Amino acid sequence: MPAANAMIEKNYQPADIESRMSLVWEDARAFSAGRPDRRDAEPFTIVIPPPNVTGSLHMGHALNNTLQDILCRFERMRGRDVLWQPGTDHAGIATQMVVERQLMERQQPSRREMGREKFLARVWEWKDESGGTIINQLKRLGASCDWSRERFTMDEGLSKAVVKVFVELHRAGLIYKDKRLVNWDPKLLTAISDLEVQQVELKGNLWYLRYPLEGRTFSPDDPTSFIVVATTRPETMLGDTAVAVHPDDERYQHLIGKRVILPLVGREIPIVADTYSDPEKGTGAVKITPAHDFNDFEVGRRHGLAQISVLDKEACLNLVGNEDYMRDLPEGSEEFAREFHGIERFAARKKIVERLETFGFLERIEPNTHMVPHGDRSGVVIEPYLTDQWYVDAKTLAQPAIAAVRSGTTTFVPKNWEKTYFDWMENIQPWCISRQLWWGHQIPAWYGPDGKVFVAETEEEAVGHAIGYYVEQEVITPEQGREMALDRNKRAGFITRDEDVLDTWFSSALWPFSTLGWPDDAPEVKRYYPTNVLVTGFDIIFFWVARMMMMGLHFMGEVPFSTVYIHALVRDEKGAKMSKSKGNVIDPLALIDEYGADALRFTLAAMAAQGRDIKLSSQRVEGYRNFATKLWNACRFAEMNDCAMPDGFDAAKAKETLNRWIAHEAAAATREVTEAIEAYRFNDAAGAIYRFVWNVYCDWYLELAKPVLTGPESRAKAETQAMVAWARDEILKLLHPFMPFITEALWETTARRDGLLALTPWPHRTDVPTVEEIAALSAASFADPLVPPLLISFDAASFKDEAAEAEIGWVVDLVTAIRSVRAEMNIPPATLMPLVLVGTSAETKERAPRWTDVIKRLARLSDISFADGAPEGSAQLVVRGEVAALPLKGVVDLAAERARLTKEIAKADADIERVDKKLGNPNFVAKAAEEVVEEEREKREAALARKAKFQEALARLAGVG
RNA sequence: GGGCACGUAGCUCAGCGGGAGAGCACUACCUUGACAUGGUAGGGGUCACAGGUUCGAUCCCUGUCGUGCCCACCA
């Protein structure tokens, strides 16, 4: 047997251990996918939700990656070929904003001054500079990703995937360009998708405006000379092209088809009948501004109304030189246009309302609270804006993605998130994917001289298409076409590339296969796709999960993952979502520095109950740091007592009751932990291992083993030494997914030194499966080839041992009861007392001598003896139906003991009463399950017996007193 | 307006159709030969409220109140 390594240090120092273990794992390439020893193993794949490349680790990342790591380490120990695919995201808007802000702070030329090429070089510089931060932070957390496979969404390979996907979807008609209203961010000067819009409740006003009827002399005092419309956005009235009323609204029947004169502007616009108009809202007549409101846009389409955009991209009034606006305006309109041109939207609102009021067009103002769209990045009010953008036909792509979840090919955990998924997917809107940014994947579309679009994977290809097209259209001669095709210079500038880039989520949607090497014919794609589980927060179900489902199914023909585990959001103390812009983030690195990564990880796992958000407290982290210390010291204890397993040691053959008991308990813990992780009940798994380590192994097993370990050499001692080491190793294995650093370090110091704990087989379940479990498992492995029966097999040798459980249980109960009485009687620990076991059964008589030393030590006793009756004036306790007596004469006052016994009797009475009430109910006896009734009867018997024993004790005491 | 959660010990949270749990905090005692980042014992909750189903409800159903989140184009 190899000699033990260096002794365990006196104090547990997370920082030292963690940096050292990281190196050990790295050197061993422990986390590499496709390790030679796992070539034939079933793969297990998770793709990391790629964090922003220039970001840093926040608590949400810490939780998300801890859970993924638990799954990966668990499956790795279960023998799977694990690929945890890491990488980062280019985060278009966020990153571009950061760099722009930097430029401003350093008073360097702005983005536009620099130009696209230089600016992009600058962003790449920033990426290279700060891109490693979050990766290193993930490593500090202990994330067991295959770091050799790290990817970035703007890597060459992934960019290739993006282009291919764009081109193919375009070819299939699933990507198209359209001029329609988009959510426009007037600060960032880009379109954004619906999902990037946050509705914020704001206090505003409802302005009631009088629109004069054509052919009438307008007078504010004559209600028949105008129609009143209500609006929350008076400034858009300049772009009104109709007033709509409900076709059935009697108040306005006579006005349908008439025209009104748009105040200030002078334009004549029709009154149309449209069911969009709600007679209950406002005045029942609503102004229609197709170019500035999504609903009005639709109304406008139905009625063939003009779309007059009166704002520019920065949301300032754009009137002068605006052909749409100036068309069909009366004489003298230019003056108004000049006066208001260029005014910013909110200033314009104020000014227009004032002007309307001056001329009597403003009827009244009503305070009104309503939801106003804001950009989630810029925070400014979003403007519906009429522009050309690229769209994905999400509705079509969504159908297979909906079906896959309906059929259970992909399942959500917890299940209720499927409803959220369906609700969104079934009402999905076209996805606007173009962004007027520079940082990102530039759209592979080129425009010819007349604006004709050519979508292709490369510029060369696009040029080819363009030449062919224009030759055919006889715009250029075949001769010119040939020359251009052959000579690079001759075709320069013939086509120009679309300047826009794609929404970052477009590339993220490809992540589960683009990272594996698609579209190249990489073996990894075949081996690791589809992935097994996606772990993420619910906030990106729409942004990311849904889109990966759509893209994965369309391009790979298979779902990207079979399980989507949705975990809680880590919120701040007020329950608000943490975000960088709000500045309410808790820094996980600070907690790691203070308590260690293991403690933080364990805390997050322990709090990761399904369906509940997490509000983190550092006290909890401290508590789990203490847990790590406890484990550390238990291992030190084992080492100090020369606990090690001899070669070929078989725990199943242990003879000592105590050792059989710990094997039994370890098996139960193994089962609990394993089943909980399999079911994604991380908190239950953490709880189970916590209790086993602290409340079973440390509190009782080691304490009960001490007399043997410190006693003379014997067969029992040797066995116990081996079993202490065996149980410790089981603990290290079970705890490793949660606390990888400390367990690996302790494994290195104490175990057999023939390999890393991270690659050591997970403990087999050694309890006996129930018939139902066997049936369920065989059904599962039959139905799902991904569940190899071998991985969940049961060890033939059972550690289940009811006899050992009963015997050790008796010792534990006895010691606990004595301690309790001592405390209640205020007997100082220094006082050693004798214990008398009264009228003991043969079983107890046989058992007791084996535990004399232990009980004496743990219960602070001087001596244990047997008697037929309790000595005079003794405190009596009832343990598992038998009496134990502590002679108290002269030690405590008997009145206190009398009070105690009276209390015990009252407790027993309460129990009896409750049970009697149940058993006295004929309906209960008739209808309740048989075993439940039987249980109640047993409870009654036990309570009665207990009461009798205490009553006897009380009587005896009275006789003395 | 629609949807989803949640309301359990002082705090943070588990749990659950048949005698209310954990961590921290609190109280008392203990420097016992792994550990004071520890040990032992203990106090503390009509499980938000009101109905209903049930032999039995903290748990299932309905409603009320309160809190949070998500979705929605309503003047």
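These figures come from a predicted structure and were not determined experimentally. Here is how names work: the chains are called A, B, and so on, in the same order as the sequence lines, proteins then strands, and each is numbered from 1. The analysis underlying the following values was restricted to heavy atoms, covering all of them including side chains, and did not include hydrogens, waters or symmetry mates.
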So what does [X] hit on the nucleic acid, given a heavy-atom distance under 4.0 Å: a base, only sugar-phosphate, or nothing?
| X | value |
| --- | --- |
| A:Arg914 | base |
| A:Gly687 | nothing |
| A:Lys939 | base |
| A:Asn427 | nothing |
| A:Ala606 | nothing |
| A:Cys635 | nothing |
| A:Glu935 | nothing |

Would you indicate, yes or no, if [N] has its OP1 or OP2 atom less than 4.0 angstrom from a side-chain nitrogen or oxygen of [X]?
| X | N | value |
| --- | --- | --- |
| A:Lys917 | B:rC55 | no |
| A:Trp694 | B:rG39 | yes |
| A:Asn626 | B:rG38 | yes |
| A:Lys630 | B:rG39 | yes |

Whole-angstrom distance between [N] and [M], as gauged at atom [atom1]:
| N | M | atom1 | result |
| --- | --- | --- | --- |
| B:rU64 | B:rG23 | C1' | 34 Å |
| B:rC29 | B:rA22 | P | 23 Å |
| B:rU31 | B:rU37 | C1' | 15 Å |
| B:rU54 | B:rC60 | C1' | 10 Å |

SB check A:Arg691 A:Glu672 (cutoff 4.0 Å):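 Salt bridge: yes.
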Side chain of A:Asn295 - closest among B:rA34, B:rC73, B:rC71: B:rC73
Base-pairing mate for B:rG1 - Watson-Crick or G-U, with both contacts under 3.5 Å: B:rC71
